[in-house]
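Values in this document were obtained by computation on a predicted structure and should not be read as measured data.
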Amino acid sequence: MKLFASESSLLMSSATSFDFLLKQIFLHGFSLSLHLVLLIFSSAILVMNRVKEAGEDGSKERLRQRKVLWFKQTLACCFVVSAFNVVFCFLSYFYWYRNGWSEDKLVTLSDYVVKTLAWGATSIYLHYQFSNSGEQKKFPFLLRIWWGFYFSISCYCLVIDIVLFKKHISFPSQYLVSDVFSVITGLFLCLVGFFARNEGEGTLLEEPLLNGDSSVSNGVELSKKKGGDTVTPYSNAGIFSILTFSWMGPLIAVGNKKTLDLEDVPRLDSHDSVVEAFPKFRNNLEADDSEGSGVTTLKLVKALFFSAWKDVLWTALFAFLNTVASYVGPYLIDTFVQYLNGQREFKNEGYLLATAFFVAKLVECVSQRRWFFKLQQVGLRLRAVLVAMIYNKSLTLSCRSKQSHTSGEIINFMTVDAERVDDLSWYMHEPWLVVLQVALALFILYKTLGLASIVAFVATVLVMLANIPLGRMLEKFQDKLMESKDRRMKTTSEILRNMRILKLQGWEMKFLSKIFELRNVEEGWLKRFVYTNAMTSFVFWVAPSFVSVATFGACTILGVPLESGKILSALATFRILQEPIYNLPDTISMIAQTKVSLDRIASFLRLDDLQPDVIEKLPRGSSDTAIEIADGNFSWDLSSPTATLKDINLKVCHGMSVAVCGTVGSGKSSLLSCILGELPKISGTLKLCGTKAYVAQSPWIQSGKIEDNILFGREMDGERYDRVLEACTLKKDLEILPFGDQTVIGERGINLSGGQKQRIQIARALYQDADIYLFDDPFSAVDAHTGSHLFKEVLLGILSSKTVIYVTHQVEFLPAADLILVMKDGRIAQAGKYNDILNSGTDFMELVGAHKKALSALDTVEAGSVSEKSMSEGDSAIESVNQKVQKEENQSNENGKVDDVRPKGQLVQEEEREKGKVGFSVYRKYITTAYGGALVPLILLGQILFQMFQIGSNYWMAWASPVSADVKPPVGSFTLIVVYLALAIASAFSVFARAMLLNTAGYKTATLLFKKMHLCVFRAPMAFFDSTPSGRILNRASTDQSAVDMNIHYQVGAVAFSVIQLLGIIAVMSQVAWQIFIIFIPVIATCIWYQQYYISSARELARLVGVCKAPVIQHFAETILGATTIRSFDQKSRFQETNMILTDSYSRPKFHVAGAMEWLCFRLDLLSSITFAFSLFFLISIPEGVIDPAIAGLAVTYGLNLNILQAWVVWNICQMENKIISVERILQYSSIPSEPSLVIETNHPANSWPSNGEVHIRDLQVRYAPHMPLVLRGLTCTFPGGFKTGIVGRTGSGKSTLIQTLFRIVEPAAGQIIIDGLNISSIGLHDLRSRLSIIPQDPTMFEGTIRSNLDPLEEYTDKQIWEALDKCQLGDEVRKKEGGLESSVSENGENWSMGQRQLVCLGRVLLKKSKILVLDEATASVDTATDNLIQTTLKEHFADCTVITIAHRITSVLDSDMVLLLSHGLIEEYDSTARLLENKSSSFSQLVAEYTVRSNSSLGKFD
């Protein structure tokens, strides 16, 4: 029976009157008339609807319809029936045109034509009906009845075919194909028509996903339910939906209509959410580690496996099915070639063969898609639980453990190592699959080639062994690459944190060169890595040729006859074997890399936690004592011989206030850490009764709203909230801020002044309403006026009944304490009330004496007369200042000087993501970055030659070998093998050249993009760093740069290579029978359409993955910095919850990216399987002898790979679009507007500039960003050269902004600053910044040594550095350390106290010896004695310099020659200190009076 074979007239044996019922002419005539009725009916309804609609009001708002479930599939089915009939119509027409016509042929052809039109009209009707009508619950009744008829007729026709077949009556076999197809489609339509429920009836697959809101059937709109609240349809999808991934359809449809946002992406199913997965994982891990020996890699792997074992077993089953199905093709090829050659075992063997090929392809397609998707699902879950585990661990790490891992390294565990476990999921089953694949291959080869299969096996093993050393080298290089990347990221992260200091000092380019040096080391390893990778790629492509040359050579020697069928079977097998051979080293390297990552994670999880038994917690209200320490010895380093705190005995009752004072480094902060349980205990007991709140010395502020920072997880209580704001004097600041307490704070509180950060911190503690309050010198960062207000309102007001322990350097705050502790060398040197200890020891006397000395500068004011005034007058002084400020503010408002702030005024904006298609310019820039794109044509040429030689060699083998043993071969066996070998060697050379060139281009591009981006970021203005969380920059420097280093060049190359391969296959298949080419055109068009339909969603989902990753990293980084604060407020569980929510937000788009990918691949696989099946049926139907069976076999051999390759092309294009986003993100940061030039060659200032140091400010106006209000609103004044000028003013008055403008960190919006006659805006930034000196507000030290911290530019000798250290009183401290100037400084200078860090900053200034020195609240972190020491040093060494001081302590500016008082960005007063003090009504003298009153309350007693 052949398709389109000549038909003999149907001879029916029975002569009954019903024999016409068995005739094809009747069947087709009946079908024709029924379809004609359908055509007329559907066309009439369509026309009527159009007329009806035209008569209605077209603008009427329609209801959002609920479509029938399976609507799209039904529409597709009708369309496919129409298309199928078109194909049959054309094939029949061409065939019968050649072989002559008959009556029943004409009827059949008419039937096909009418069917095409009728089903086409039905498709249009359905589309029109359901896209334009309102509520539509079911398919129309008549249509469903028709589908029933259609199914019945199809079944009848199929039965007739079977009857005729049984009676051995010949009939055209296309009728059988057509009838089988009709039965399948008819059955589907009947099931849908009669059994499908309305969408939304008891199913979650409702339509809200399409428009972001759901509406119930009566049109009443429910509350807007964003996709973010909808659970993914996957969670309750049916089996058909799961297998075909149609649950992804709604999301892809939304993405096709609009740009996807995170709220469009549904939530994960609870099964995939880390919230449900993590407890299981933790329990598994704890059960394994019951003996408490610590987490090992093995335990970690077991816990991971058992938390997802069911899914892992499912994937194993799918992998097994896929592997077995993939070998059916090679197994049957020889039989197929023999069939085409005329050797038929039984009737219809061809159809059975074709069906077997097709079914195997279908099984392969379905199982592979499920396998890949499930793997990604498992990987996501495992990554999420590891991230949660690492995060939770970072919250409990002891201080010692924390110092062994910098925050950068801990973040790397999360971003790199956990991610690698996710990647490993792809390779999970490879080890046993390789064994299965090799076994199946050997079985097939043994069947076709006999003993030569042993040679094939040996060759395969050799190729695998050749890969092992390459794999080991790759692994080693990968390790080194990761280490060097870790070092670079650590430095980058530290530099970004301290960018302000680097800009102020003019050091940023030096530190950039440091990053470039680290990157050079990394690039050395990267180069080795990519070239070794080129070698593995070479082995991959050459492997099949090598194995086949060896095998066919062995056949020749062993005398095994080489027939084309056997050769093709072997070639197909080798091609499938190519994958496991190649993947083996990859798998080995991946397993090794993951083992390294899991080792790293396990060793991190084994680190020491904080001692759980440091504090003995007593139940609330069970004791009168709040804190009791007995014989306490504590040490930061338990291995160190000297303890940090020694012999501590302390008892604090409820309601007491305890002050802690002492010199820099005496152990004050350590005492608070010990009470918090942060400091490891050597001996003694520590009891605590009640909840605690802590205010750290350096403020820790979370990025987010101010309100959230203050509430810190508590419910909003308006009354208490207002009381707290009032006490912390935050109301004024919030009025100034554009969004009040809804203002979003940048990373580390970047858009707040030091004082504001500190007061928000205090407000956070107050709002918690704890029993015990621990303050670590919080008043140092605020001005004197605010400091006294805070002390009075907070410590003496709201907290008067609470237990308070406060560290302070301000002696005037001591008398109010019930108990004062004087710390010295880690001991409590003195303890008691103010008056008691004043006379009993020298330490306290020194502190108070230093304070008194500072106050003596106030002699110009009649101190006595002020002290006699009552405190209430001090209050009125504050009030008068406030009134004056208020008045000033009102005036400025009336003058309209305050800009109206648009809603865009938030400093930290949402992370920008490009939208829509990745621009062609991104590809162009990427391809032409290296050598202007000169290597691209050479790479393409290499691939084209390789493809030609490959196809040529296979063509040669198929053509030159006989089809069967009885046919004489065209050439001798020696010639056969030699030519094959020559072609194989040529293809090997081509592929080697291509691999080397591709890696060269990729490596060069990565290095250039890295340099360009970093140069751009480092040259960006400070405003960029203020408004960009460092997580975003780090994300680009790590994740995106990694993609550019390791992946993108392969991805772009893979697109070109796979397209060239696909064109090769199409050429081979079409060359056999050009008709096959006809079906390629619609299939490829459909593939392209699918790809276009899918890509818009996939691209946005990939971008969302990038955008959702930064918050996880940022939250993690913030948590590590603020771990002490989080623990002290007992908020660990809340932060862990937030981390889980953020992790799920990151997993959400990632999960749907995987779903979308498989959705597309499934459809493409299906299309290519259908194409392949069509080709097979076509080849079977061609009469014997028309085409060469060997060449037809070659076409089938290539066709076996068609679905893989077709999917690979589209997959590569989509992957490239997704990956290229990394390039897009890097390019985004390679075009940041940069600061003005560092050096202006035509305008260098003289070497002696500034010689006098006079600073003249003219009408200076400054704002931080174009959309933000003015901060300085027109200042005009002159700081005389060689004079000392003090700048005072309330927090937020513009003091720090003025200094930033002086250094051109912020460029003036109007006005100018002139130093010694030179406008600072006319010279280069480095020329300016290198001639000015500053001791900044936050004392900063970098990881490295003391020398590198004092002199990073290496400009000074050791002698000069030691002199500077001695001048700032750090010389002895540094000499004590083993390394001297090479003593180590840990990240952020953590191993030096705050005061010591400030002295290092003083040392830098002493080395630089500039004519103009700025002190930005420089002595905020030191006690009064150290403050005096700094002031004395400055007086001595900067006597003839212009010194500009911003101070919170009035004493710091009292010895200034001039005082500038700022208020709300305007000059309130500017005059000499003496004159301002004489004028009793001046705001400055009132501030001084108030300070004196406060101080004299203690000093009166001292006198």
Quiz prompt | Set of ring-ring contact (aromatic ring centres under 6.0 Å, His included) partners for Phe181, sequence neighbours left out | solution = Phe84

Quiz prompt | Contact check, side chains of Val254 and Ser1097, non-hydrogen atoms, under 4.5 Å | solution = no

Exercise. May I have the step-by-step check of ring pair (Phe, Tyr, Trp, His ring centres under 6.0 Å) for Phe240 and Trp247, ending in yes or no?
Key: CA-CA 10 Å; Phe240 185 78; Trp247 56 268; over 10 Å; no

Quiz item: Where the side chain of Ser82 meets the backbone of Thr116, is there a donor-acceptor pair that is under 3.5 Å apart?
Solution: yes

Exercise. Nearest 0.5 Å please: distance from the SG atom of Cys78 over to the CZ atom of Phe188.
Key: 9.0 Å

Quiz prompt | Val81 backbone acceptor or donor facing Asn85 side chain under 3.5 Å | solution = yes

Self-check item: Pairwise side-chain contact, Pro266 with Pro233, heavy-atom cut-off 4.5 Å (strictly under)
Solution: yes

Practice problem: For Arg369, check salt bridge (charged side-chain N to carboxylate O under 4.0 Å, His left out) against everything at least two apart and list the hits. | Solution: Glu1158, Asp1165

Quiz item: So, does Ser241 use its side chain to make a donor-acceptor pair with the main chain of Gly238 at under 3.5 Å?
Solution: no

Quiz item: Measuring from Tyr1094:OH to Leu1160:CG, what's the distance to the nearest 0.5 Å?
Solution: 6.0 Å

Practice problem: Please determine which of Tyr150, Phe79, Tyr112 meets the ring-ring contact (aromatic ring centres under 6.0 Å, His included) test together with Trp119. | Solution: Tyr150

Quiz item: How long is the span from the CG atom in Leu440 to the CD1 atom in Ile444, to the nearest 0.5 Å?
Solution: 6.5 Å

